[in-house]
Each structure stands twice: as C-alpha cells, then as structure tokens.
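What follows is a single structure, written as structure tokens, with notes after it.
Within every chain, numbering begins at 1; the chains are lettered A, B, ... in the order of the sequence lines, protein sequences first and strands thereafter.
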Amino acid sequence: MADGNGNGFEHQDRGITEASSGVATLTRKDFVSDQEVRWCPGCGDYAILAAVQSVMPELGVPREKIVFVSGIGCSSRFPYYMNTYGIHGIHGRAPAIATGVATARPDLQVWVVTGDGDGLSIGGNHLIHALRRNVNLKILLFNNQIYGLTKGQYSPTSEQGKVTKSTPFGSVDHPFNPISVALGAEATFVARTMDVERKHLPQILRRAAAHRGSAFVEIYQNCNIFNDGAFLALASKEGGTRNRIYLEHGKPIRFGPAGEKGVRMKSDGQLEIVDVSEAGEGTLLVHDEHRPDPSLAFALSRLAEGPSQPTPFGVFRAVERPVYGDAMEHQLRSAADKQGHGELARLLAGGDAWTVD
Amino acid sequence: MADGNGNGFEHQDRGITEASSGVATLTRKDFVSDQEVRWCPGCGDYAILAAVQSVMPELGVPREKIVFVSGIGCSSRFPYYMNTYGIHGIHGRAPAIATGVATARPDLQVWVVTGDGDGLSIGGNHLIHALRRNVNLKILLFNNQIYGLTKGQYSPTSEQGKVTKSTPFGSVDHPFNPISVALGAEATFVARTMDVERKHLPQILRRAAAHRGSAFVEIYQNCNIFNDGAFLALASKEGGTRNRIYLEHGKPIRFGPAGEKGVRMKSDGQLEIVDVSEAGEGTLLVHDEHRPDPSLAFALSRLAEGPSQPTPFGVFRAVERPVYGDAMEHQLRSAADKQGHGELARLLAGGDAWTVD
Amino acid sequence: MTSRAPAQYSGADRKELDRVVIRFAGDSGDGMQLTGDRFTSATALFGNDLATLPDFPAEIRAPAGTVPGVSAFQIHFSDHDILTPGDQPGVLVAMNPAALKAHIADLLLGGLLIVNRDSFEKRNLEKAGYSSNPLEDGSLSGYQVYEMPMTSMTLETVKEHGLGKKEADRSKNMFALGVISWMYGRPLEPTIEWLERKFAKRPELAAANVACLKAGHAFGETAELTAYEVKPATLAPGTYRRVTGNQALAYGLIAASVQGKVPLFLGSYPITPASDILHELSRHKNFGVRTIQAEDEIAAAGMAIGAAFAGHLGVTTTSGPGLDLKSESIGLAIALELPMIVVDIQRGGPSTGLPTKTEQSDLLHAMFGRHGEAPLPIVAPYSPPSCFWAALEAARIALRYMTPVIVLSDGYLANGAEPWRIPAVGKLPDISVRFATAPNVDGEFWPYLRDDATLSRPWAIPGTPGLEHRVGGLEKADGTGNISYDPDNHQLMTKLRAAKVRAIEEDIEPLEWDGDSDATVLVLGWGSTYGAIGAACRRLRMRGKKIARAHIKHLNPFPRNTGEVLARFDKVVVPEMNTGQLAKLVRADFLVDAISIGNVKGVPFKASELEDELLELV
Amino acid sequence: MTSRAPAQYSGADRKELDRVVIRFAGDSGDGMQLTGDRFTSATALFGNDLATLPDFPAEIRAPAGTVPGVSAFQIHFSDHDILTPGDQPGVLVAMNPAALKAHIADLLLGGLLIVNRDSFEKRNLEKAGYSSNPLEDGSLSGYQVYEMPMTSMTLETVKEHGLGKKEADRSKNMFALGVISWMYGRPLEPTIEWLERKFAKRPELAAANVACLKAGHAFGETAELTAYEVKPATLAPGTYRRVTGNQALAYGLIAASVQGKVPLFLGSYPITPASDILHELSRHKNFGVRTIQAEDEIAAAGMAIGAAFAGHLGVTTTSGPGLDLKSESIGLAIALELPMIVVDIQRGGPSTGLPTKTEQSDLLHAMFGRHGEAPLPIVAPYSPPSCFWAALEAARIALRYMTPVIVLSDGYLANGAEPWRIPAVGKLPDISVRFATAPNVDGEFWPYLRDDATLSRPWAIPGTPGLEHRVGGLEKADGTGNISYDPDNHQLMTKLRAAKVRAIEEDIEPLEWDGDSDATVLVLGWGSTYGAIGAACRRLRMRGKKIARAHIKHLNPFPRNTGEVLARFDKVVVPEMNTGQLAKLVRADFLVDAISIGNVKGVPFKASELEDELLELV
Ligand SMILES: Cc1ncc(C[n+]2csc(CCOP(=O)(O)OP(=O)(O)O)c2C)c(N)n1
Ligand SMILES: Cc1ncc(C[n+]2csc(CCOP(=O)(O)OP(=O)(O)O)c2C)c(N)n1
Ligand code: SF4
Ligand code: SF4
Ligand SMILES: [Mg+2]
Ligand SMILES: [Mg+2]
C-alpha cells in the first residue's frame, strides 16, 4: 500500500491520503513556526535555519508530511522553529527516534538535526547504525567543534590540545573526521557544507532531500560564544577562496582563486595537492560521486586534517542502495500476499487446539 | 612516575613495583585458569583461546600486569579462562571499562575481548571512541556474524537477507565491515585473522600486543551451532588457499595457490584484482602498513564485500600516535612539576579566605 | 483443530491417578524440551489440565554429559484444575548420568525413575562426577528404578532407515517418549502427525522417529510396566490450546493492534528471556507488524517512541538490564505523553545475574526507575495465558491515556505453558483510537489540551494537515505545549501527569479476594506467584485453616478498593520472588504492616514451601 | 589570605540593619553573576554571614534585552547566622527593563529599586514587553526608586582608558557594584585586587573597571543615598572562605583521595548542573586526579568501574538523565562490589525537564532505579559547604564497604554559595584503604571472601602477584566468586549484599533532632531544604509555636535510631522539592503517617511559604 502501512488500517488512510495542505502555494514563511528563535546573536545556526526554511517550499512535500527530529543541544532546538511536525528528543537518540518515524511511515520525509556532541559523542552508535541500515533520513550534523548548550566543553570533533572548561590543560584525544566516520559506516550519501555558504548550503540541502535513503550532511557552524572562528580558514573571504575545494561529479578536482591548484592520485593510491600548471589538468583526479566503492570518497575525506587546510566541500558520495523502510514495507506486503491478510481468530486458534464441550 | 600513578601513593608503589611473579619461567599453562571452559563443542572460540594462551608467555609481561576485559556474549566469557586479572562486564561496555583500567594504570597490558554484537551493535560507540582516543588496548573482536549467546539472531555483520530467529523473512539491513568502521574511527592498528589460522592468528596477536595504543583485531570465528560455515570460503583448505590474501608490509599484494593473482590500483584510485601473469608483478600494489593516511588501508578493506570472496588478512594499518593514557600521565606529571605536588591545606584555603577570631 | 482424543487410551486395566508430575532430564543435546513439549501437547489433547516448567541450563552450552549441560522439562497434569507445574516430580526420566545427578534429589521417595542404561558407562559417569555407578551401588534403592537400553534399542530400531550414527542417537528421546506415553496412556497420533509435518522434507527421518516412538510404546507394553490413567479434567467448555507466556504476550499485542485499529511497531534488542516475543512477532508480518532488531535497548525504545509519534502502537520488549537502559527513553515518553508499551520479562538480578532464571525483582525499578517525577501505569500477568490479557490491557491504557505502560512478566511465565481457553475475537474489547483531525483552539492546534475525562492529550499524527506541532522533553506549558520555565506551570504539569495515571484506578477492575469470609489472614500476591499461592491456600484450607487470597494485576495505580480489602484482615502476607517489593509499596500506601515472604532463588515458589511458611502465620 | 577588613567601612553615620537581601538583575551579557560574586566576596571578607542564590536563565541565551535573557543573583547577608538566601529581596538592582519586568514582583513593597535609567529607551522597553515606561507611568510608586544613568556615566568614566564601545559598556556592572558597595559599606580593595589580577594581561581594562567601581562608589556618596550598615556576624572562630556546593564537592573528593591514599579517577559527561565538578577536578592534576570526558554517561560510569578495579577511587558525576543511563553500570558495580561514587546533581524533571532549575525528585530513583535486588548507600549534602562532607563520607563508605555510593545533591546546592569554615586537614578522618596483598584461603585467593565486621570483600588490584582473579556480573558463588547458578547461593548472596549495606547504619551518626522538647510535630527533611526548614521553624518558634526538626543525611541506610526519633512525635511532616519521596520511604519503613509538603517548582522553598504551611499543622 502506498501509504506505507502494510496493514492498511482505515484511520491511517484518513491520516495520510486525505487532501493535504497542498504544496504549490507554499513559501518560506509557511515553514516558520510561531516560536521565538533563541540562539546567541551571531550564532551560525541562524543561517542554517534560514537556508532550510527557504529550501523547503521547493521540495514539493506538503508540510504535514515533514518531520524534524533532534536530540539535545543548541542545534537540537531546531525543530521548534520549523512549522512542521517535530520531536525534540533526548541527547544522542535522534537517529533512533527518527528511524522509528521513518520505518513506521515511509510516506514521510524525516529530517534529523544533531550536533557534534549529540551526533558523534553520545549518539555515535545510533548514527552509524542508521547510516548502515540506510534508513530514509536527512541527517544534518551541525559541527561547531564544541559543546555549546552546556557552555563550552570540547567535543569529539575538537582539535587535539583544545583548551576548554573540561580540558584546562588541553584535550588529549584525537578527533573524529565526521565524513570518514560516515563512510566507514556504509553511508550512501555523504556531503559537507558550511553555515556561511549562501548558495552551496541550499544546493546540498536539495541534494540530500532528493536522495532516497540516509543522507548525511556535515555543516561547519560557527559558535561565536564558545568556539568563535573555528572555521575562519574556510569562512573568511580570502581564506575561503584559497581553501574551499568544491567537489563536482565528473569534473577534475581543482581549487584556489583561479583554480590553480588540483588534486591528484599517485600510483600508490595516495592523494596529493599539485599546481595544475605543473601537473597538467589531465593528471587530476576526476570526482566520481557514484562509485560503488567508497574508497575514493574516503580518500578525499582525508585530504584535510582539519578545517584549517584546503578542505573538500560538496557531495563525497551518492549511491543507490535498498532503503530500510522500503525493504520492510516490501516484506509486509509480500507476507500479506502469500499468507493472506492477518486473521486474528486463525492466529489465536493456532495449530493444535482442542475443544471441550 | 613509571608506576603510572602521577601522585605516587605508596600503596600503589607496593602494588606495582614489588617483585613480580617474574616472566622468564612462564608457560602456556600459567595462563590457563581453573575454570572449566564452556563453549559448544566445535566452537571456534576454543582455538582462539588456545592461541592467546600460547602467545602470552612470549610477551614478557608478568601475569599480574595483564587484565582481560569483556562484555557479554559467548566470546565474552573469555576472561574467565585466562589466569590473569579480568572483568566480565556488561553488554557492549568493555571498551569503556577497559579505558578506565588502562588510563588509571598505564603500567598494565589491557586486552578487550568482544563479539560482533557486543562490540559493533550495542557497544559500537564505545569501540569507536576508544579507537579515536588511541587508548592502550588490545581489542579482539570475535566475528561469527551472529548472536551466539542469545541463541541465534542476526548481527550487524550478518550478510543482508540472513534468515534468523529475529528475521524469519531475511534481514533487511546492510552489514558493517568492521575493518572499515575501525579505519573510519581513526584506529592506529587494524588487522584481520581467523580462528583456524594456526600460525597467522598467533602472529597477529603478537603484533597487536607490540603496538602501543589501540590495536583492533577482527577474528573470523565459526559458530558451529547458529551460523556454521559462515567462513567456509576462507576456512576450507581449498577455499582458503584461493581466497586468503595475506597482506605483508612492503610486499606487492599477491594471492592464490601459486600467487597467480594480485591487487592493482587503477589510476582513478579503484582497486582491482588481476592475473599477475598478464598485469606483471611490477604493476601490483605494494602494501604499506605505516602510511599516515588510512585511505589505502580503507581501500583494501573494501576489496571483499564479505568472507565469500578473496579477502585480505593481516595488518591493514599500523601507525604511531600519542597514546591516551600516556598523554594524560604526562599532564599529571607536568602539573605536579609546575604547580608542585598537590597540598590539600592550600587547596582548601583557596584564594580569598578570611579569619574570624 | 483436533477434537478431544479417543478414549480407548484410558483402558480399564490402568491404575488410576488424579495427578502426575513427570520430569524429563537429559543432555542439552538430547532434545528434552522437545520431548516434554510433545508429551504436553498429547496431554492437552487428551483433556487433562496441566502446567509445565522448562528448566534450561545456563545460556552457554556446557560440554555434553556434564551436570551444567543438563536440560530438563517438568509437566504436571491432572483430572482436576491445577495451578502449578508441581513441586517434586513423582516420575523422573534420566537420559544420562549427569541428568540423574542433577535431578535425583528432587524425585519423591518411592518415585519412578526411568534411566537410559546404555549411557551409564565409564566416561559419562566420570563426566557427571560419579565415582561409582549409581545403578549398581545401591544408592537408588529408595526409588522404583526402570533401566532401559534406550540407545541400543533406538539404534536397532532405526537401522533400516539408514540414519547416520549421530542422527540415530538423536532419536532416542522419541523412544523415551513412547515409553512414557504408554505408561500414562497418551495418544501417539498427534506426535506422529507432528513428526511427519516437521520432517516432511526428510521422510526417512520422520519414519525413523515414528518407529522409535512406537518401539518405546511397544517396549512399555511388552515389559509390562505398570500403566496408569489420569482421567481428563472437566475444564470449562470451549476451545483450548497450549501457550507459553511469551507467545500469549505476542498474540495479545497483535490483538491490540487489530482491536485498536492501529499498526503494531516493535523495537527490540534480543535478551533472555524476552527474545521469543521478538521472534514471534517477526513472524506475523501479514498483520502489518513491523519489527526492528535495534542496535541496543535505548535505540529500541527510541524507535518505539518515534513510531508512536507517527501513529503506531509503539512497543519495546526486554529484560532487566535492558529496562535499565530504557529508563531515560521511558521518561521522554512520559513527557511526550505518547502511547508505548514496555515489556519487561524479569530474570534473576542484579546485573547480568541469572539470565535463564526467574525473579520478580524489577517492580520498584518499574515504579521509580526514572529521574524526576515520572509516574506510569504497570500491568502484570499472573499465568502464561494471562500474558495475552496483560498485553491487551496495557495497550488499552496506553492508547486511552496517551502514556507509556510497563508490562511486568517474568522468566517463568515467559517459558511456562498452560492450556488456554481461546477467547472469541468478537468478545475482545474495542480499543480503537481516535486521532486528532482538526484544530482544537480557535483555529490553532494545542497538543497538550487535555481531555476532561481522561486527562489525556490529543494524538495528532504526521500526515494530518493543519495539526503540525512539536513535542519535546523540556517542560511544557499546559495546553499549548510550548517550552515553559514557569515555576507554577511546572508544579501544575507535575500534578497533571500524576493525576492522569492515578485516575486510571476508576477505569480498572477492583481488587477481588476469595477464601474464607471469616479468615483473618490475607495472602496478597502479584505476577507469577498466582498458582503457587493458590495451591498453598487450597492445601491450607484442606487442612482446615482459614485463609484468603487476593492477586494484584494492576500495580500502578492499585485497584481503587485495595485499601479496603487489606483493611478487612488482621494480617497481610505478601509472598514474592524478591525481598519484599510489593510489600514495601503496600506499607507505604496503606500503612498496613504487610509481612513479606521473599524467595530469591531463581525458581518459582513451591506450593509446599509456601504452605509451610503460611502455616506459621495463620 | 586577607584577615578581616578594616572597620572604617561601618561608619557611625550609617543606618543599622540586621540583615539585607539584595538581588542583582540584568541581561545575560551584563555580568550579574560576576557582580554578585564580587559583592559576596567583599561581604564575606567584611565578616557577615551570608547565603547566595544565582538564578540563571534557560540554558540557551535568549536575545539580549528580552525577559528570558535575564540573569540574576541574590545575596542575603546579616549580623547573625542565617540559613537561606532570603525569600524576597529588599533591594533590587535592575540593569534594564527586562530585568525589572522579570523581578519587580519579588521586591518587597517599599523596597529599594535601583535602575540603570539609560537602558529604559524605546527598543529595550519593547523587547521587555513594556507598552509604557514604568519609570514614568507611576507603576513603581510602591518602591523607593533610584534612577541612575549608569551607561552614560560608565562611558564617561572609561573614556580616557580608550576602550571599545562594547568593552566600555561591559564595565557598567562595576559602576553598579560601586554604588551598592558604598550604600552597604563594603570594602572596594578586594574587588580592585581581583580586577587587577584578572586583567593582569590587559592593564587598561583593569584600570577602566576599577575606575567605574570607584565612580559608582563616589556617585553613591555625592548623591547622598542613604547609607546602611550591617555589622559583622559573630561566626565561630576559624578561617573561612566562600564555596559553592559543586566546588566543595570537588574538594571533598580530592580530600578523600588524599585521606584514603588512593588516586582519584573521574569519568564524566557534561550536563547541567553537574558540569562544574568535572571542570573543577580537571584543574587539579597535581593531585594526581585523572578526569576523562567520556563519550556518554554509560562510558563515564564504565570507566569509573574499570579504574576502581585497577585500584583508584572511581567517581562519576551527572544529573538526572545521566543517572538513568548509568543504572545498568551501577548494578554492575554492586555485583562487582567495587568502591565507586556516583554524584547526582538533581534538576527539574521528568526527561529534559528544567535543566537549570533545582528539584529533589531523584531520591526513589537512586534507591530503586536498577533491575534486580541492588541496594546501595545514599548520602545527601544539605548546604553548599556540606557537599565537602558528603563527598568525603561517601568515599569513606565506598572504600570501607566496597560498594558504589550515590551522593544526592541538587541544582541549588551546586550553584549556591555560603561561607565555609575551612576544616583543618589534620582533623579529617583517615580513610586509607588496605589492598589485599596475599592469598586468603590456603594459597588461593578468594575475591568474595568477606570481612566479618564489614561484610566487604578484599580489594586486590592488578599488579599484585598471586591474586589474579576474575569478577563479573553473573551471580557469584559466595567466597570463591566463581559463576554460580545454585538457587540457595543466589538467595544467600542477595541477603549478603543487602546485609552489607544495612550494617552501615552502625557506622554512621544517629539522627539528631532539635527543637522544643515538648513539641508534638517533627519536621523531617533531607538535602537542600535544610536552610528553609530551619528558618521556618525558627520563625514559628518566635511566634511561640512548639516544633522540632530533624534532617537526614544518610538516606540509605537510615540512621539506626530514625524509627525511635519519629516515634517521639504525634506528627511527622516532610517538606521536599518533589511529590513526597522521602515521605514514602519513611511510611514504608516505619509505618508512620508522614505528611508530605511537596514543592515542584524548580525553585527552593521560601521560608515564609513553609512557615505558613507548617503553621496549619502545629
Ligand atoms: C543524557 C544527557 N547527557 C548530557 C546532557 C547535557 N547536554 C546537553 S546538550 C550537550 C552537548 C551539546 O553539544 P552539541 O551536540 O555539539 O550541540 P551544540 O550545543 O554544540 O549545538 C550535552 C552534553 C543531556 N541533556 N542529556
Ligand atoms: C543490556 C543487555 N542487552 C542484551 C543482552 C543479551 N545479550 C547477551 S550477549 C548478546 C549478543 C551476543 O552476540 P555477540 O556479541 O556477537 O557474542 P557471541 O555470543 O556471538 O560470541 C545479547 C544480545 C544483555 N546481556 N544485556
Ligand atoms: S552557544 Fe554557540 S552554538 Fe549555542 S546558540 Fe550560542 S553561539 Fe550558537
Ligand atoms: S553458540 Fe556458537 S559461539 Fe556460542 S559457544 Fe556455541 S558455537 Fe560458540
Ligand atoms: Mg556542538
Ligand atoms: Mg557473535
């Protein structure tokens, strides 16, 4: 059944196939909730919220079919500001809660908003399992390399040696690279963008929305209160043009103000950054989003050790794989076809009942 | 302080620097506990236990300085059978518990024994964070692609479509590749071997023990009761010689009965399997354990989709990185040096006390 | 559906008994659970009342032939209604020395001991830790011992069917079953049919097993073993089947889905002894049941919450350690006020404890095991079949009051089996839900605007235009559900959440008690102690003692008349498989000096133990 | 260490008061917490008794100038000993309209209102939701209003120091502090010294702030504001300092490490309001303190358990939601019988609830929030300084009895500050541990061979030759600690674990009570209600009522004489910031009809509220 409820309970039909609010007419405003937005002035979250709200109307999904699920954190307040269905969950569990929503109701478009602490520290396991299963979720990880809501402790993406309230002598742990983690966890869609990316951010959001399955998007986000300038090398006008490497499918990977730099794969499989003039455009690596093997995407994720160096932006990987909810849906339907619609009386009677009279 | 207790409480010195049981004289038997081993007859765990017990005496670490930590599962019964210190923890938490042991006491050699469910399902988050931090742990993941102790449900490493008690119509989720997960999580030492590997298994155990930091070893293990033959394509005499690809540092990657097959890296960064006779040995990929960039190791981890194809065995990656416990140790010591040994009275008096008389 | 078996099995030449307790014991590999299961099935068909108690070894198989490797199955059947699987067996079938060693102590003196003589050779005796052969050293003189060469006769029997040694040896349990079936006049047909169904793909195996079954039966006859008869019990008219608690619980959840017209969604992570519910529900996809084996218990609970928000009946099933992990998620469900069912199959604790053993020690955890003021309803089944009711009742409450509900079952109920009078579907309660479809406050939708009667909030599911709304774990303003830090609002919401749960007492059955109207002692129980308490009270009454008993099925809120019932008696005694958890609650709520009889052995109360303990109090 | 400040500050021309309650309120950006903190420090140095109550806005900063963005700090100081931070302020400093709006309702009628006039312009008034300017519409006629152009005078003052507009504006809190310091005769030196220390690297900033402080002081003098004097309190002789509860708790843990001669290990995951303990302990590495910010609370607890096994004092700190997640790990620690301290800084629940507000609603969770029979000791501090004692006492019990111990503090204790008479290190208890060093049963080591006196098992740490052993969560055989499925052993171990905890009652102080010997009503409390209950009782006595009070510091086991104490009184009243959790425990254990006074508002009891409620009961 198209309504994603294998057993077709009437009420579900009511809920789902009823004339919807329609989509043609929707505008950005329709997605703005009545809740006052509460982030620190200057927080990168504002720009991301604006981008999401502006992209929504283009997606052709009626508001009532959209659900935003989050955990806990500054970023996780996001659902309150979207005039859609939403759950502000508990810390780290958004991918699990969202898996419940998306698997119960394949007809919905489910977004997860999480932070580097929420998604990669306490919630790391749920995240990688959602990606492995390829649940139909659009996962936006706001990476500000800090715990914002709890007022500034380091996070699993903070650079080693970071001095914070919980690490007055500097942190001793090596950080995660969220793109590498996602690729190691079998993610089918992996991308990176940044809060200040006026054009690129919406583009990536559209791509994520269009991907059927788990779409993982890392968004560099500035926390101007507890980790200001973490992404300066990429965000600043000058640094940005020098260090942002935009990945484009089928195109040789070039960057720099005049595209004078490029990325090349050595015969031993090691990526290197070269001067295009010397190396020659022909020798550059041509990006391939759709390659079944995630190794190339992984190699690209290692190009930069942190946001202080030339860093790839865009879609690292975008491949098709059966979607968790769809597969389950299929099992329900074929079971109903083979065994016939469940009949309670028959179930209860079972195989070897006997009568006493 | 060498005793790994920055504050050098006497009792610790007693505990640790006292004449130890000595190591020269140790034999395999010394590591056999008095507990009756309880696994199903024919279980692959027996061979792994035997291998570990046989390797221990060679490591030159006194028995009392060794701690085995596990979670819950058939595999996790392991510590009971080792005549060392040990903790049979709770499901999935072994890496966390072991992190406590290893960080509190850098003088100890700490081993973690876990299963594909214990380590990758419920315990996935602790595992990847331990690897990220590079805690000084030797982590042995017994991968039998099934939940053994709970009598046969599929696990995160079970192949898609697997029919088990919890998936009578076949599982719909895509499995993890444990090696890829570990590499995506910044692991510094990553290797694979198998229960039936009489020689290779002990070799890898020695390598893991020698690595300072987190050593992650995936061990294919046959569960002859609930998932018999999962690794037949690699375990069987004939299949083994055909499908096991032994990685050796600095050597071109060849395999097959007569080494007639090899692995090559295409210019677009994609690995392929070739006939050495056609391709020529010179074109083969030369394995490099020590490469700082994990991308090559990752690519090798993708060579086989599952244990039914030619599959790399051996050390995928072995690099140096500051060890979590050592770094913390260093901070304790330098703090003591700079601020002087902690003085309770001074601490309590604080900055602006006043007296009433 | 077969109707009751022909009568010729209860031949006149048989010695009549009103009840029998048989225990089958053998190596984990000997198929004792299956043997017991088949015998039970035939006994059910024959029309006796019965109760069973499987006794699994520890989770991991111990080496064959050793005592820890022994697996046993006990059945109690009778010509009248019985309440427990029996205290001590009167008949013990021991397939090897280890089984004898493990269970002989329980056999009634003078009881029947049936052993597989072939297995009593040196190696097995050693493995079992026997220095001498008990069949020869006279240590069994207190029992009627029947030695049978089961292994050799089995091999003999299956020869022509060309089975491998291993498979052949595996058939000896059918031989044993044949013997016992003859002795107690059980029909063979059902088992034969079952074997033929099971081995349809391997007829030679089916034939071999049937042959062994018949051989055993013939052996019993020719060896002229005493034959017994236990007349059918006069059960209330109706159609019966056998169910284990976990089966019944799974069926109850499916029934709730059908009766509630709401899809069923299970998020679960395997754990003994709860896994079978996941297994059972996974098989009924044609009912639209969605089951996910989550990465852990936290995810399982989270998925159930997400599904509930999306309009499904969210369920998560687990045992103690898993319940610990779900604490925070359950608190969220309480804050979100979504319908969810949390099933806890209690097992021996603390920590990993005794995974395969039973206990009732999670009651206070279920009541209070969450931070903050977070009350929720708790329902407890009291027999394997009643697990069906418990699931349905939990769903009714969850859906009507928009709240998570905990179902407290235990390892004994989960695996034990009893005859179940199958309810008529038409008679099941209609618990269909009404989703919100329109704004409720002039054009706006307020997700926390409560129903006056139930105090529950509206359930507006995604896909419903105009009802878009957000819920979360932060404190919410009464009505609008917006985040609120207002002190008085927090006080109010705390009161409302408690009042909603409390009000359910008006919507559940009052506490019933039975027994002597002039009794001064009330035995108060909950959960799986139902049968043992009933049997103990019955025996005391037969001994002329006056006693009354009541059994609580709703543990939160308590039935509204609980206080009155307790007040009628001078003494309230509370037997529990814990150190006195219900007793504590009763003391706190009603200030009665409830006396606790605690049993924390991982095994159900024996009616006789309880009888003795109660005797001292009446 | 400064000795008490010179006396000239208490000039004779000053109006004498015995106590004052001042509240500083402003935008989150206005540095009110710092202002309050400095004023408190000066007040402490001056020698008054005092208590403070910071009131943070919700976790996330609201937009500047809005009501949700207001941050406040209240101080109560006096010439006699006081117990609470005061109910209603007599003085309110409002730095902007939002601050006025948020707090004016609390100001005593006729109270002193000091506002920064400059901030009362259109935009700010709108942001605060004022339609008209309260300074002009007469709505403040009930108060003595002092309007001061703080912003402009500040900018004026700092001009020559060449500060940017933003930094300059930030200094206006120092101006306000100067004014108040003059009015209440507080010394400026300590704050000046502090500023110079703080901005050592930026002397221009230091100078500017000092200038503003002095400017405010001068302004107060020239504007001839009434000057008040609150004479120093006669505190017991000794050396004092100010501590918050979390600070004291961290110090207590370090003291335990030193006094126990055992290294301190903290595994923690940040959470409001517990994070500051992690922050504080992270700063004292020279005491050999190891702190790990774990990936989550489960890992944090696991790490503490691992460290405890390795011979450290394992500690994990959290708040409600984190305690939920640690349930399973705490159960493991109970089974392993290892010394661990679990600190729970209670906050408003359920679920995420009210993270920055206080509550006492985790008591039953701490008692029962684990599956199986899993008892553990619970200790609760009752004032900010007593958190030091609580940590040390918890460590003493954990180390002596080899058990996890829960410390139940709360958000109010955590952030509130009071003067603390610094204990002499020499007088602290010696709690040094003795590790096992040799086999204890002819050549073998039995990890569960218990000490007769304490019932605790030996602590044998890795590195000790010959004591290699394994521990785990499965049930263990008494003595050897080997896995055991034996029913009677499980019963025994369950009893032993309970008996061990129970026996601690002999090792803790009996419950003290004070008040009128002929009082018939006992007010029983625990935790942070200590001050409010004390103040309320004091007032009732001043009104001639007879009343007694007792405060429980050990919640499990209760002090051994608790039953007797309760039995002395006709009525037992239990005020708690929950819906009656201690009341429930007392009712269950002692069958007394304890009356609960519940307050679940996220804010501490006001002494006056409590006084009224109690009045109806005496
Ligand atoms: C179980 C639990 N543990 C801890 C917390 C406290 N907490 C709330 S948000 C957060 C981390 C926030 O960091 P991040 O996820 O990066 O979000 P950000 O605020 O930076 O956007 C923590 C530790 C909590 N609310 N619940
Ligand atoms: C919290 C918790 N959840 C679930 C379980 C039940 N359980 C024990 S082991 C296990 C999985 C075992 O699989 P694996 O880790 O692969 O180990 P194996 O038995 O295959 O060696 C499960 C689900 C448990 N003991 N505790
Ligand atoms: S703390 Fe940081 S992340 Fe949070 S709202 Fe403020 S600026 Fe944004
Ligand atoms: S169930 Fe499988 S993994 Fe467990 S002991 Fe038996 S064979 Fe080994
Ligand atoms: Mg963050
Ligand atoms: Mg496994």
Find out whether Leu141(A) and Leu120(A) are in side-chain contact, i.e. whether some heavy atom of one side chain is under 4.5 Å from a heavy atom of the other.
yes
When the 4.5 angstrom heavy-atom criterion is applied to Asp268(A) and chain B, the contacting part is both
Honestly, the part of Arg291(B) sitting under 4.5 Å from a heavy atom of chain A is side chain
Handout entry: Parallel, tilted or perpendicular: ring planes of Phe298(A) versus Phe298(B), cut at 30 and 60 degrees
Key = parallel
Counting heavy-atom pairs under 4.5 Å with chain A, the top scorer among Arg133(B), Met328(B), Arg132(B), His129(B) is Arg132(B)
Phe189(B) and His211(B) aromatic ring geometry - parallel, tilted or perpendicular at 30°/60° bounds:
tilted
Looking only at Ser267(A), Pro322(A), Pro294(A), the option with the highest number of non-hydrogen pairs under 4.5 Å against chain B is Pro294(A)
Given Asp293(B), Leu296(B), Leu131(B), Asp288(B), the one with more heavy-atom pairs under 4.5 angstrom with chain A than any other is Asp293(B)
(Q) Can you tell me if Glu272(A) has over 12 outside heavy atoms packed within less than 6.0 Å of its CD? (A) yes
For the NE2 atom on His330(B), are there more than 12 heavy atoms of other groups (residues, nucleotides or ligands in this structure) within a distance under 6.0 Å? no
When the 4.5 angstrom heavy-atom criterion is applied to Leu300(A) and chain B, the contacting part is neither
The reported gap from CD1 in Ile273(B) to CG in Leu284(B) (rounded to nearest 0.5 angstrom) is 11.5 Å
Okay, Ile128(B) and chain A: the region with an atom under 4.5 Å from a heavy atom over there is both
Exercise. Return yes if a side-chain donor-acceptor contact under 3.5 Å exists between Gln145(A) and Asp116(A), otherwise no.
Key: no
Looking only at Gly170(A), Gly123(A), Ser301(A), Ser121(A), most heavy-atom pairs under 4.5 Å shared with chain B are made by Ser121(A)
Side chain to side chain contact (heavy atoms under 4.5 Å, CB included) between Arg317(A) and Leu183(A), worked out = CA-CA 8 Å; Arg317(A) 178 168 209 237; Leu183(A) 290 167; 3.7 Å; yes
Quiz prompt | Flag for Thr164(A)-Tyr147(A): side-chain donor and acceptor within less than 3.5 Å | solution = no
Under 4.5 Å to a heavy atom of chain B? For Arg264(A) that would be neither
Chain A shares the most heavy-atom pairs under 4.5 Å, among Gly124(B), Ala335(B), Ser334(B), with Gly124(B)
Assess whether a salt bridge exists between Asp118(A) and Arg93(A), defined as any Lys/Arg side-chain N lying under 4.0 Å from an Asp/Glu carboxylate O. no
Among residues 172-182 of chain B, those lying within the under-4.5 Å heavy-atom range of chain A are Val172(B), Asp173(B), His174(B), Pro175(B), Phe176(B), Asn177(B), Ser180(B), Val181(B)
Okay, Glu186(B) and chain A: the region with an atom under 4.5 Å from a heavy atom over there is side chain
Q.
Can you tell me if Gln309(B) has over 12 outside heavy atoms packed within less than 6.0 Å of its CD?
A. yes
With chain B, the option among Ala185(A), Pro156(A), Ala327(A) that has the most non-hydrogen atom pairs under 4.5 Å is Pro156(A)
Bottom line for Gln331(A): the part with an atom under 4.5 Å from chain B's heavy atoms is side chain
Taking Thr157(A)'s backbone N and O only, do any of them form a donor-acceptor pair with Ser155(A)'s side chain (distance below 3.5 Å, no angle check)?
yes
